[in-house]
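To start, the structure under review is shown below, and the notes come after it.
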Amino acid sequence: MAAPALDRTITRWPAILLVVSAIVGSGVFKKIAPMSEALHSSGWILLCWLVAGIFSLIGALCTAELAAMMPGSGGEYVYFKKIYGKFFAFLYGWGNLTVMKSASIAALAYIFSESFHSLFSIPVWDIPSLGFLGVNSGAKIIASLLIVFLSFINHRGVVFGERLSRYLIAGIIVVILGFCVAALGSSQGTASNFTAVSHPPTGWALIAAFFAASVSAFWGYEGWSNIGYLGEEVKQPQKNIPIALTAGTFGVIILYLLVNAAYIYIIPVDQLAALSSMTNKIAGVEVARVISGTGGAIILSALIVLATFTCTNSTILMSSRIIYAVARDRLFFKNAGEVHPQYHSPSRALWWQCGWSIVLVWSGSFDQLTDLLIFASFIFYGATALGVMVMRYKYPDDERPYKVIAYPVLPVIFTMFCLTLVIVTIIQNPVQAAVGLTLIFSGVPVYLYFSGRKT
């Protein structure tokens with residue numbers, strides 16, 4: 001009797017909506033405040049969102065070429081295995097489990113719990129006996145319960161989890177567009193906010209500020225590559241995954257520019273910057289409050305709750321396929337590479353991911369987690385773009401259902417950008433970089449153990 005396998009159930013439009021649902025979380029509602037504090041200029045803020053979006057789109061185009069050639073569960077893990085070998089591919093899989101995708105899940109769930117608390121005024125309690133773990137422990141408990149709940153939902157099969165994200169993100173997009181129309185058409189705003197500046201940095205200080213703001217913007221775009229992890233569950237993956245990557249990422253760029261233009265139109269940059277130092281103040285909520293009072297603030301808070309819920313669900317759904325692929329190659333515990341006989345989901349991989357994500361929820365703050373995962377992610381984003389060039393050189397005659405445009409210019413640009421971001425992070429935040437690299441390379445003894453075992 002054949003072992004249970006994953007089912008191809010995801011068509012083109014659901015794949016596109018999954019890309020959007022994996023990206024649109026909390027960043028677009030929160031990150032304009034620290035970006036305003038760094039840049040003090042509406043023009044630079046919008047340019048930062050555009051540049052981060054363009055680089056994310058270039059990364060998506062590069063990923064699309066490899067995804068069309070090798071549509072398998074685990075996305076980059078599958079590509080890296082052929083391009084760089086099993087060891088590097090394993091480090092990618094291990095890095096996702098220990099820091100990248102698990103940290104993304106933890107951060108999203110934590111933001112969900114904070115937004116949920118602010119919306120429903122649920123008491124946040126501390127547990128002093130736990131030391132630093134007890135700080136804001138109420139939010140951490142809610143975040144942990146959310147991760148368990150959504151892992152259980154996706155344990156029940158890809159169809160239910162995918163439909164949940166699809167329907168919710170469709171509604172979220174409609175509400176966000178309605179918010180933009182209401183804001184940009186409101187008498188409470190002024191176009192002069194787009195030209196006003198408030199002591200913007202210049203010279204090298206501007207470059208440093210733009211880089212810092214870009215890290216915030218990249219968190220807003222994080223998740224664009226996730227659809228590749230479902231390579232064995234997307235119908236006609238050679239066509240639909242590249243389309244989903246490109247259309248989904250491009251659509252989010254337009255959406256983000258509209259949302260941030262709406263923020264700036266209603267609240268000037270210096271006031272947005274001031275929000276970054278205020279406790280429990282979210283830019284999107286404050287803009288909605290100006291437009292339509294407490295009712296608008298409640299609606300926007302509810303939107304953030306739904307967006308982070310949906311993004312957490314999509315990330316849990318798609319990222320679990322990475323550790324499943326690693327375990328299927330006998331480089332992790334065997335049961336994590338098995339498919340549930342009834343639900344046809346990588347059930348054990350989901351629970352491994354769930355457990356470590358909860359550990360990360362209790363280990364650090366939202367900003368620490370997001371900065372850590374962005375640094376680690378761009379190491380492998382750069383390896384993906386470089387991999388496109390390596391594959392063109394090593395396997396020039398292989399069939400390529402999709403080819404990245406403007407080759408080799410776009411892969412070179414994206415590779416160099418990722419390298420620059422990683423180097424600058426190491427220089428500016430050596431402790432953060434050391435933690436990220438330590439978590440990734442902690443997989444070396446794990447690899448040696450599993451690769452040396454007799455099958």
Side-chain angles (χ1 to χ4, degrees), residues 22 25-26 93-117 122-156 161 164-165 219 222-223 226 229 304-305 307-324 326-327 332-333 335-337 340 345-374 376-377 432 435-436 438-440 442-443 446:
S26 63
W94 182 257
N96 273 287
L97 176 64
T98 57
V99 59
M100 291 182 287
K101 296 306 178 185
S102 294
S104 184
I105 292 166
L108 287 164
Y110 189 79
I111 298 161
F112 167 87
S113 66
E114 286 186 320
S115 303
F116 190 84
H117 166 259
I122 295 175
V124 176
W125 62 93
D126 294 339
I127 306 175
S129 61
L130 293 179
F132 80 93
L133 291 176
V135 177
N136 207 12
S137 51
K140 293 174 183 177
I141 290 170
I142 294 172
S144 301
L145 291 174
L146 176 69
I147 294 171
V148 172
F149 172 71
L150 291 178
S151 295
F152 175 75
I153 290 293
N154 287 287
H155 150 80
R156 301 275 297 186
L164 179 64
S165 284
W219 162 246
E222 177 63 22
N226 289 10
Y229 307 149
I304 296 172
V305 169
T308 49
F309 178 91
T310 306
C311 193
T312 307
N313 180 65
S314 296
T315 306
I316 287 172
L317 163 67
M318 292 185 270
S319 300
S320 61
R321 274 59 181 172
I322 304 172
I323 196 64
Y324 160 75
V326 174
F332 196 63
F333 296 102
N335 61 10
H340 194 283
S345 67
S347 178
R348 298 291 181 84
L350 278 159
W351 292 118
W352 274 103
Q353 178 181 260
C354 171
W356 186 249
S357 297
I358 290 172
V359 170
L360 292 180
V361 165
W362 291 84
S363 68
S365 72
F366 160 69
D367 288 325
Q368 289 171 330
L369 289 175
T370 55
D371 290 348
L372 192 63
L373 73 92
I374 290 297
S377 295
Q432 171 191 306
V435 172
T438 299
L439 287 170
I440 292 171
S442 67
V446 180

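As the structure is a computational prediction, the values presented were derived from the model and not from experiment.
With contacts defined as side-chain heavy-atom distances shorter than 4.5 Å, the pair S363/L360 qualifies. Using a 4.5 Å heavy-atom cutoff, the side chains of N335 and W352 are in contact. Residues L97 and F332 are in side-chain contact: their nearest non-hydrogen atoms beyond the backbone lie under 4.5 Å apart. For the pair S144/W362, a side-chain contact is recorded, criterion being any heavy-atom separation below 4.5 Å from C-beta on. In this structure the side chain of S104 reaches within 4.5 angstrom of the side chain of W219, judged on heavy atoms. Looking only at side-chain heavy atoms (C-beta outward), I141 and L145 come within less than 4.5 Å of each other. Contact annotation: the side chain of Q353 never approaches that of I322 to less than 4.5 Å [non-hydrogen atoms, C-beta and beyond].
Counting all heavy atoms, side chain and backbone alike, I440 lies closest to G95 at CG1-CA, 4.1 Å. Shown here for I147 and A109, the closest heavy-atom pair between the two residues is CG1-CB, 3.7 Å. Residues T308 and L108 come closest through the heavy atom pair CB-O, 4.0 Å. What you find for M318 and A22 is that their closest heavy atoms are CE-CB, 3.5 Å. In plain terms, the two heavy atoms of G25 and A307 that are nearest each other are O-CB, 3.7 Å. When all heavy atoms of S345 and H155 are compared, the pair lying nearest together is OG-O, 2.7 Å.
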- Message: Please determine whether side-chain contact (heavy atoms from CB on, under 4.5 Å) holds for the pair R348 and F333, giving the CA-CA distance in whole Å, both sets of side-chain angles, and the decisive distance to 0.1 Å.
- Response: CA-CA 10 Å; R348 298 291 181 84; F333 296 102; over 6 Å; no
- When you look at F112 and I142, which way does the side-chain contact (heavy atoms from CB on, under 4.5 Å) test go after all the steps? CA-CA 8 Å; F112 167 87; I142 294 172; 4.3 Å; yes
- Does the pair C311 and T315 meet the rule for a side-chain contact (heavy atoms from CB on, under 4.5 Å), with working shown? CA-CA 6 Å; C311 193; T315 306; 4.2 Å; yes
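Here the CG-CD1 distance, from N313 to I105, works out to 10.0 Å after rounding to the nearest 0.5 Å. S165 OG to N154 CG: the interatomic distance, rounded to the nearest 0.5 Å, is 7.0 Å. Of the inter-residue distances, the one linking F309 atom CZ with S113 atom OG reads 13.5 Å to the nearest 0.5 angstrom. Taking CD1 from I316 and CG from L150, the interatomic distance works out to 4.5 Å, rounded to the nearest 0.5 Å. Taken to the nearest 0.5 Å, the CH2 atom of W356 stands 6.5 Å off from the CG atom of L439. Atoms OG and CG, from S357 and L350 in turn, are 10.0 Å apart once rounded to the nearest 0.5 Å.
The main-chain N or O of I323 is never found under 3.5 Å from a side-chain atom of N96 such that the two would form a donor-acceptor pair.
Between the side chains of W94 and S442, at least one donor N or O sits under 3.5 Å from an acceptor N or O.
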